[in-house]
Every structure is written in structure tokens, then in C-alpha cells.
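FYI, side chains are in, hydrogens and waters are out, and symmetry mates aren't considered; it's all heavy atoms of this structure. Quick caveat: nothing in here was measured; it's all calculated off a predicted structure. Start at 1 and go down the list; that is how both ligands and their atoms are numbered. This chain uses plain numbering: 1 for the first residue, then up along the sequence.
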Amino acid sequence: MDLLQNIDKNNLPKHLAIIMDGNGRWAKQQGLLRAFGHESGTKSVKIIIETCARLGIANLTLYAFSTENWNRPKLEVDTLMKILIKSLKKELTTLQSNNIKLNTIGNLEKMPQSAQKELLDVIEKTKDNTKMTLTLALSYGSREEIINVVKNISNKVKNNIISIDSIDDSIINEHLYTQNLPDVDLLIRTSGEHRISNFLLWQIAYAELYFTDVLWPDFKEQNLYEAIISYQKRERRFGKTSEQIK
Ligand code: IPE
Ligand code: IPE
Ligand code: MG
């Protein structure tokens, strides 16, 4: 059965974030090298991006590479960077034809020059697209992001640009990498791991969490629909009582 018919188009997450995990284990299961898992994972990336745009999800954020992932073997890191560059070149037309704008969060300066160049090129070419914002988290770590926020705000306080008393949620939001994005409504993690791994710690304060055992290269349209249907069945109370929500 196609689960699409069970989705309420008026109650979609405005911001969906995904921890795309399990590429390595997927490859291992088939007796392949980890690189094949990453390669295969790009097919899920493409399908999920197109499906989100078709559904009308305004913001999709994908965790593609963490600050901690730099500690993997050099060969794997190099392979991941090559796959990224190749995919950006190949999928520019997908982004254009689906009216999707590319955005990134993370410490881009740590990325190889060639990757930075390709990213800036695609960001520039898609900057006027309006249907969906696709944010790639690359060399991203939430703690590093928060450390930068603290440093930048401290500097502004020191230089009398803002007062300590004025620091609130919105000032913090304005200093995060995600400054133009709404809070995350739904966070999906594949591969059966039940952890956050340094992803969007501030931004997921009231996100609905969805964990699935499906490995990322096996995660396709119907798996996404299942996650959204689960999200739509939940009552988001934001600290209030059920009666107040109804
Ligand atoms: C996710 O898959 C991709 C990245 C973290 C870059 P993994 O490479 O973490 O795959 P597993 O978790 O080892 O199976
Ligand atoms: C999180 O996955 C990072 C990405 C999906 C890019 P990891 O595989 O790196 O996370 P841990 O090490 O299992 O927590
Ligand atoms: Mg992993």
C-alpha cells in the first residue's frame, strides 16, 4: 500500500532534519567496502530530497559529515569528500528543476578547497529557488556551533553592541549557523542508533524524534512517509496540557 495517501499535507513538519546513518553497516552486510555504502547512500539522498520537495516540506537538513567524522581513516574521509563533490556536480540540475535552494551549516573552512568551491557554486546558482531549502550539515558539530555563538555574543557585549540583559532565544538563534531556519519539528535517525551525535542540540529542543532500524541506503519514499505519519499522530504539547492544545 502506498502510504502517501495517509499523509496530511496540512500538517507537515516545516523543518525536517535527518541523521543519515548506517552506510558502513549496509556495505558490510553485503561483503562490500564501506565506500560502496556511502555511494549507495547518495541514491537515498536524492530520493528523499525529491520526495520532500514534492510533499511541500519547506526545510530539509541532512547530517552528512560531523566534526567527529574527521577522525575516521583518511581514505574514508577522502572518499566521502569525493562523493560529495561528484554528487554536487551531478545533482545541480535536480535542485534547479525542483526549485530547491542549497544551504550549508558547519565549519566549511575545514572542507577541501575543491569541495568549498563546488558548494559555493551550487549555493550561488540555486540562491533564488523558493520551494525548499536543503541544508547540508558538513563538518558540523553542535557544540562547536554553540561555542561560536558564545564567542560572537561575548564580543558584541564587550564592544557594547548588545547588553547582557537583552540576550534571549532570538539573539541566540540569530548567531547560530541555522539563523534563517525554523526550529526542527521532526528529527529522523536511521540505522537503529538512538543518539543525537552532536547534531542541532539547541534546535531540536522540542523536535519529535523518530528512530528506525532501516539503514540509510535502504531508506526510501515509503520509509519517509512512515516517519511523517508517526509525526502526525503525535500531540505536541510544548509544556502545556492536552486540554490546552485541543
Ligand atoms: C553514515 O554512515 C555516513 C557518515 C557518518 C558520513 P556511517 O558511515 O556512519 O555508517 P555506519 O554507522 O558505520 O554503519
Ligand atoms: C552521525 O553518524 C554523523 C552523520 C550521520 C554524518 P556517526 O556514525 O558519525 O555517529 P556515531 O559515531 O555512531 O555516534
Ligand atoms: Mg554511523
Side-chain angles (χ1 to χ4, degrees), residues 13 15-49 52 59-88 90-91 102-112 114-116 118-119 134-147 176-178 181 184 186-204 207-220 223-224 227:
H15 187 179
L16 167 64
I18 308 182
I19 302 175
M20 311 181 289
D21 198 16
N23 294 350
R25 276 162 285 165
W26 182 90
K28 199 172 173 190
Q29 277 179 2
Q30 352 240 329
L32 300 170
L33 294 171
R34 294 177 61 84
F36 287 97
H38 297 311
E39 194 66 60
S40 192
T42 62
K43 295 189 188 122
S44 298
V45 172
K46 183 180 161 79
I47 288 173
I48 295 309
I49 292 171
C52 285
N59 299 284
L60 171 65
T61 299
L62 300 176
Y63 202 7
F65 196 87
S66 72
T67 46
E68 289 76 24
N69 288 149
W70 290 114
N71 299 322
R72 292 192 178 191
K74 185 176 182 307
L75 179 64
E76 177 159 349
V77 172
D78 290 349
T79 304
L80 282 163
M81 294 302 147
K82 276 191 202 132
I83 290 174
L84 170 70
I85 295 164
K86 196 178 80 182
S87 306
L88 285 166
K90 197 170 143 214
E91 302 305 341
L102 182 69
N103 175 43
T104 57
I105 53 174
N107 185 356
L108 277 207
E109 283 167 24
K110 278 191 81 180
M111 302 290 286
S114 48
Q116 289 187 37
E118 205 56 53
L119 284 163
L134 166 66
T135 301
L136 294 182
L138 290 163
S139 190
Y140 175 87
S142 192
R143 286 189 168 179
E144 188 178 88
E145 178 181 34
I146 291 168
I147 290 166
L176 290 163
Y177 292 132
T178 50
L181 297 170
V184 175
L186 172 61
L187 173 71
I188 298 175
R189 183 172 188 147
T190 58
S191 89
E193 305 298 355
H194 296 180
R195 56 177 171 261
I196 302 299
S197 302
N198 204 11
F199 192 42
L200 301 174
L201 299 178
W202 169 276
Q203 298 89 336
I204 61 167
E208 295 299 325
L209 308 181
Y210 181 87
F211 298 102
T212 170
D213 288 340
V214 174
L215 303 173
W216 179 250
D218 291 327
F219 193 86
K220 301 283 144 79
N223 306 96
L224 176 67

Any Leu181 side-chain heavy atom under 4.5 Å of Asn103 side chain: yes
Any Tyr63 side-chain heavy atom under 4.5 Å of Tyr140 side chain: yes
Nitrogen or oxygen of Asn69 less than 3.5 angstrom from that of ligand 2: yes
Atom OH of Tyr210: over 12 foreign heavy atoms under 6.0 Å: yes
Identity and separation of the nearest protein heavy atom to atom 14 (O) of ligand 2: Ser197 OG, 2.6 Å
Flag for Trp202-Ser142: side-chain donor and acceptor within less than 3.5 Å: no
Distance below 2.8 Å from the Mg ion (ligand 3): protein N/O/S atoms: Asp21 OD1
Closest approach of any protein heavy atom to atom 6 (C) of ligand 1, naming residue and atom: Ala64 O, 3.4 Å
Heavy atoms from other residues, nucleotides or ligands near NZ of Lys90 exceed 12 (cutoff 6.0 Å): no
Atoms in ligand 2 with a heavy atom of Arg195 nearer than 4.0 Å: 11 (P), 13 (O), 14 (O)
Any pair counted as salt bridge (charged side-chain N to carboxylate O under 4.0 Å, His left out), so long as it reaches residues 59-73, sequence neighbours left out: Arg72-Glu76
Shortest protein contact, atom 2 (O) of ligand 2 (heavy atom only): Arg189 NH2, 3.6 Å
Any Ile47 side-chain heavy atom under 4.5 Å of Phe219 side chain: no
Proximal atoms of ligand 1 relative to His38 (non-hydrogen, under 4.0 Å): 3 (C), 8 (O)
Subset of ligand 2 atoms that lie under 4.0 Å from at least one heavy atom of Asp21: 2 (O), 8 (O)
Atoms of ligand 1, numbered as shown, that sit under 4.0 Å from any heavy atom of Arg25: 11 (P), 12 (O), 14 (O)
Numbered atoms of ligand 2 (with element) below 4.0 Å of Arg72, judged on heavy atoms: 7 (P), 8 (O), 9 (O)
Distance-only N or O hit between ligand 2 and Tyr63, under 3.5 Å: no
Any donor-acceptor N or O pair under 3.5 Å, side chains Ser197, Arg189: yes
More than 12 heavy atoms from other groups under 6.0 Å of NZ on Lys220: yes
Ligand 2 atoms in contact with Phe65 (distance to a heavy atom under 4.0 Å): 6 (C)
Glu144 versus Thr67, side-chain donor and acceptor atoms under 3.5 Å: no
Min heavy-atom dist Gly22 to ligand 1 below 4.0 Å: yes
Ligand 1-proximal atoms of Gln29, by part, heavy-atom distance under 4.0 Å: neither
Contact check: Arg34 vs ligand 1, nitrogen or oxygen atoms, below 3.5 angstrom: yes
Sub-4.0 Å protein heavy atom near atom 9 (O) of ligand 2: yes
Closest protein heavy atom to atom 1 (C) of ligand 1, given as residue, atom name and distance to 0.1 Å: Met20 O, 3.0 Å
